[in-house]
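To start, the structure under review is shown below, and the notes come after it.
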Amino acid sequence: MAETMKQTVATILKSIERYNPANLQTLERYVEMQSRENTYDLEANLAVLKLYQFNPEKFNPDITCQILLKALTNFPHTDFTLCKCLLLESVVENETISQIKYLADILEQCDFAQFWHRVHQMPELCNRITGFHDSIRKFVCHVVGITFQTIDKNNLANLLGGIDDVPLKHWVKKYGWRDDGNLIFIANQDENIKTKNITEKIDFEHLAPLMALL
């Protein structure tokens with residue numbers, strides 16, 4: 001069933017049929033399938049938003065929220081921005097969509113404490129997206145991995161959404177970090193922050209043709 005729908009949607013997206021509002025129900029069901037099965041198809045989701053743009057009377061706020069939440073799960077890629085650009089001004093004023101936009105803003109700012117605080121206030125919305133929390137945790141780990149050499153274990157647990165010791169060990173192991181008691185060793189960042197002296201050598205014979213043009 002799922003594979004058949006994927007093939008159907010792929011066929012739609014390859015032709016002018018992607019702009020046919022008669023295909024909107026099929027594409028919307030595909031969005032719901034992505035939410036249930038933890039899959040992701042940005043092109044299909046953008047096609048849905050484009051159809052809403054052309055046919056505002058067919059706008060479905062629930063499907064739009066699912067698309068935006070799925071886009072959040074693909075941070076740090078710019079999927080959310082692409083989706084947001086296709087929203088009509090009247091749509092942006094929707095309360096739930098405004099809340100998701102705020103989530104995107106604080107996630108982009110890496111304000112993870114505030115992000116999880118807001119997510120925990122809207123469990124019904126976020127829990128509809130299978131794998132939502134873990135997808136965000138992957139982004140958090142990406143940021144931690146390029147930012148810290150060591151981090152307090154409790155601080156890391158909070159950045160990951162207030163998780164307890166067992167799932168914390170899972171993420172530490174997944175990213176090859178090291179548990180040093182109260183601290184988690186992330187990586188030696190010396191090569192990333194060390195000042196480097198760069199010497200450029202330019203031979204006169206390379207400059208001669210340029211000087212001849214002056």
Report task. Using the side chain to side chain donor-acceptor pair (under 3.5 Å) rule, collect all pairs that involve residues 132-145, keeping only residues at least two apart or in two chains. Result ->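 Every side chain to side chain donor-acceptor pair (under 3.5 Å) pair that includes a residue of residues 132-145, provided the two are not neighbours, is D134-R137.
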Would a hydrophobic clustering, with Ile, Leu, Val, Met, Phe, Trp and Tyr connected at side-chain separations under 4.5 Å, put [X] with [Y]?
X    : Y    : answer
F75  : V144 : yes
M33  : I12  : no
L107 : I97  : yes
F139 : I186 : yes

Query - Set of side chain to side chain contact (heavy atoms under 4.5 Å, CB included) partners for Y19, sequence neighbours left out - result: I16, K50, F54
**Report entry** Contacts of type side chain to side chain contact (heavy atoms under 4.5 Å, CB included), residue P56, not counting sequence neighbours
**Finding:** L88
Query - Heavy-atom check, side chain of L156 versus side chain of V172, under 4.5 Å - result: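 SC-SC contact between L156 and V172 confirmed.
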Query raised in the report: Within a strict 4.5 Å, meaning less than it, do heavy atoms of the F112 and N158 side chains meet?
Result: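 Side chain of F112 against side chain of N158, heavy atoms only: no contact under 4.5 Å found.
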Query raised in the report: Who passes ring pair (Phe, Tyr, Trp, His ring centres under 6.0 Å) against F80, sequence neighbours left out?
Result: none
Report task. Output all residues satisfying ring pair (Phe, Tyr, Trp, His ring centres under 6.0 Å) with F132, sequence neighbours left out; order by chain, then residue number. Result -> none
Requested in this report: Output all residues satisfying side chain to side chain donor-acceptor pair (under 3.5 Å) with N154, sequence neighbours left out; order by chain, then residue number.
Outcome: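 N154 satisfies side chain to side chain donor-acceptor pair (under 3.5 Å) with no residue once adjacent residues are dropped.
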**Report entry** Those residues that, when tested against K153, pass side chain to side chain donor-acceptor pair (under 3.5 Å) (two or more places apart)
**Finding:**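 For K153, the residues satisfying side chain to side chain donor-acceptor pair (under 3.5 Å) (neighbours in sequence not counted) are D179.
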So does [X] have more than 12 non-hydrogen atoms from other groups sitting under 6.0 Å from [atom1]?
X    : atom1 : value
Q121 : CD    : yes
N182 : CG    : no
E89  : CD    : no

**Report entry** Members besides F185 in its Ile/Leu/Val/Met/Phe/Trp/Tyr cluster (side-chain heavy atoms under 4.5 Å)
**Finding:** none
Query raised in the report: Between N74 and Y40, is a side-chain hydrogen bond (donor to acceptor under 3.5 Å, both in side chains) present by the stated rule, with each step listed?
Result: CA-CA 9 Å; N74 208 34; Y40 186 52; 4.8 Å; no
Query - Side-chain donor or acceptor of N55 paired with backbone N/O of E57 under 3.5 Å - result: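 Side chain of N55 to backbone of E57, a donor-acceptor pair under 3.5 Å: no, none is there.
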Report task. Check whether any side-chain N or O of S35 sits under 3.5 Å from a backbone N or O of I129 as a donor-acceptor pair, and report yes or no. Result -> no
Residues that [X] engages under salt bridge (charged side-chain N to carboxylate O under 4.0 Å, His left out), provided they are two or more places apart:
X    : result
K58  : none
D105 : none
R29  : none

Query raised in the report: Could you give all pairs that pass the ring pair (Phe, Tyr, Trp, His ring centres under 6.0 Å) test and reach residues 160-180, with sequence neighbours left out?
Result: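 Qualifying pairs, neighbours excluded: Y175-W177.
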